[in-house]
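Below: the structure, in structure tokens.
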Amino acid sequence: MIEPGGVAPYAPWSAIMRVLTAKRRNPTLTRFGPQELSDLGIRESLVARTLQALKLLELVDEQDVATEAFEGLATPSRADFSSKLGALLRRVYAPIFAQVDPTRASQEEVTEAFMHFGPPSQRDRMVTLFTYLLREARMTPSGGPPGLTIEASAQVEGAGEKQARIRSKELEEAMEAEASRRRPRPSWASMVSTPSPGSPSRHRLQLASGGSIDIGLNVDLFSLSKEDRDFVMDLVDRVTNYKPKRIEGNQMR
């Protein structure tokens with residue numbers, strides 16, 4: 001259980017989902033140390049924070065071995081997986097649930113509940129990871145699956161093809177920064193609600209040199225082939241880490 005005054009998990013949700021998916025697909029996996037995480041496709045720059053989050057979430061122990069709770073999540077039943085993940089989240093995030101009901105509280109109230117956890121500079125990431133874990137556990141009002149699939153389309157407004165490319169090292173901060181710019185939102189529930197089938201949730205990423213990229217999420221990771229899943233997760237990492245840099249003579253819109 002996380003403790004006030006201590007650290008809360010803040011790894012990218014895509015990295016945690018990559019690990020959860022790998023374990024469900026191959027229950028014989030037991031070790032999740034730095035090398036194993038790298039073998040799963042998690043970038044070197046994110047391995048340390050991902051391993052730290054796995055430990056804080058009580059998924060691996062100090063020897064980097066899967067815990068009993070993590071073994072319990074390696075079930076083919078989606079309902080069983082969600083139920084066990086929900087129980088784990090209520091235990092790990094007990095101080096948060098003691099302060100607010102995330103399905104009813106406003107976003108500001110939930111964010112405020114994380115004010116007692118560090119590091120302060122990672123607080124938005126803590127909330128983002130918590131959000132997606134709630135969705136995976138079907139603890140949102142809709143109770144439906146989180147729609148973790150990706151359909152991407154590029155929409156360039158007055159920019160050339162080069163301006164629409166996503167650079168490989170500019171990954172993680174953009175989605176969270178965009179979410180921060182959009183605050184305040186009406187409620188926490190509206191932030192984590194699941195889009196109806198055929199209506200993917202969309203995200204527009206503004207490019208520093210002009211134009212934008214629209215990203216739509218509308219696929220179940222657990223039903224994808226390994227090749228497609230790796231492509232999806234890599235694309236998510238690239239988009240979420242894109243950090244716009246101002247170019248002289250251009251202004252972000």
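Below, each value reflects all heavy atoms present in this structure, side chains not excepted, and no hydrogens, waters or symmetry copies.
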Just distance, no hydrogens or angles: give the donor-acceptor pairs under 3.5 Å from side chains in residues 29-38, sequence neighbours left out.
residue	atom	partner	partner atom	Å
Arg31	NH1	Gln63	O	2.7
Gln35	NE2	Asp39	OD1	2.9
Glu36	OE1	Gly33	N	3.0

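Considering every non-hydrogen atom in both Asp61 and Thr67, the closest pair reads N-CG2, 3.7 Å. Pro27 approaches Glu71 most closely through the heavy-atom pair O-OE1, 3.9 Å. What you find for Tyr10 and Arg125 is that their closest heavy atoms are O-CB, 3.6 Å. Nearest heavy atom pair, residue Ala113 against residue Gln99, reads O-NE2, 3.6 Å. Of all the heavy atoms in Leu89 and Ala137, the pair that sits closest is CD1-CB, 3.9 Å. For the pair Phe117 and Pro95, the tightest heavy-atom approach, listed with the atom from each and the gap, is CZ-CB, 3.9 Å.
The CZ atom of Phe130 sits 10.5 Å away from atom OG1 of Thr111, with the distance rounded to the nearest 0.5 Å. In this structure, CG in Leu73 is found 9.0 Å from CG in Asp80, a value given to the nearest 0.5 Å. Remark: Gln122 CD to Thr128 OG1 distance equals 10.5 Å, nearest 0.5 Å. To the nearest 0.5 Å, the span separating CG on Leu46 from OG on Ser14 amounts to 7.5 Å. To the nearest 0.5 Å, atom CG of residue Leu129 and atom CG of residue Asp124 are 12.5 Å apart. Taking CD1 of Ile16 as the start and CG of Leu20 as the end, the distance is 7.0 Å to the nearest 0.5 Å.
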Any chance you could lay out the side-chain contact (heavy atoms from CB on, under 4.5 Å) test for Tyr93 and Leu133, step after step, and finish with the verdict?
CA-CA 11 Å; Tyr93 287 97; Leu133 288 173; 3.9 Å; yes
Pair Arg24-Arg78, side-chain contact (heavy atoms from CB on, under 4.5 Å): steps then yes or no
CA-CA 10 Å; Arg24 289 193 68 198; Arg78 187 63 172 83; 3.8 Å; yes
Evaluate side-chain contact (heavy atoms from CB on, under 4.5 Å) for Val19 paired with Leu59, printing each intermediate quantity in order.
CA-CA 10 Å; Val19 175; Leu59 295 174; over 6 Å; no
Take Tyr132 and Met17, measure what side-chain contact (heavy atoms from CB on, under 4.5 Å) needs, and give me the verdict at the end.
CA-CA 9 Å; Tyr132 282 99; Met17 277 305 305; over 6 Å; no
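Phe114 and Met1 fall into different hydrophobic clusters, where Ile, Leu, Val, Met, Phe, Trp and Tyr side chains are chained together by heavy-atom contacts under 4.5 Å. Residues Phe97 and Val7 share a single hydrophobic cluster, defined by chaining ILVMFWY side chains whose heavy atoms lie under 4.5 Å apart.
Each of Glu136, Met139, Arg90 was evaluated against Leu85; a single residue qualifies, Glu136, per the side-chain contact (heavy atoms from CB on, under 4.5 Å) test.
Counting only N and O atoms by type, the side chains of Arg25 and Thr21 include no donor and acceptor under 3.5 Å apart. Checking Gln52 against Arg49 by side-chain atom types alone, no donor-acceptor pair falls below 3.5 Å.
Considering only residues two or more places apart in sequence or on other chains, Glu58 meets the salt bridge (Lys or Arg N to Asp or Glu O under 4.0 Å) condition with Arg91.
Using a 4.0 Å cut-off between charged nitrogen and carboxylate oxygen, Glu109 and Arg104 do not count as a salt-bridge pair.
Using a 4.5 Å cut-off on side-chain heavy atoms (C-beta onward), Asp64 and Leu51 make contact.
In this structure, the side chain of Arg123 does not engage the main chain of Gly118 through any donor-acceptor pair within 3.5 Å.
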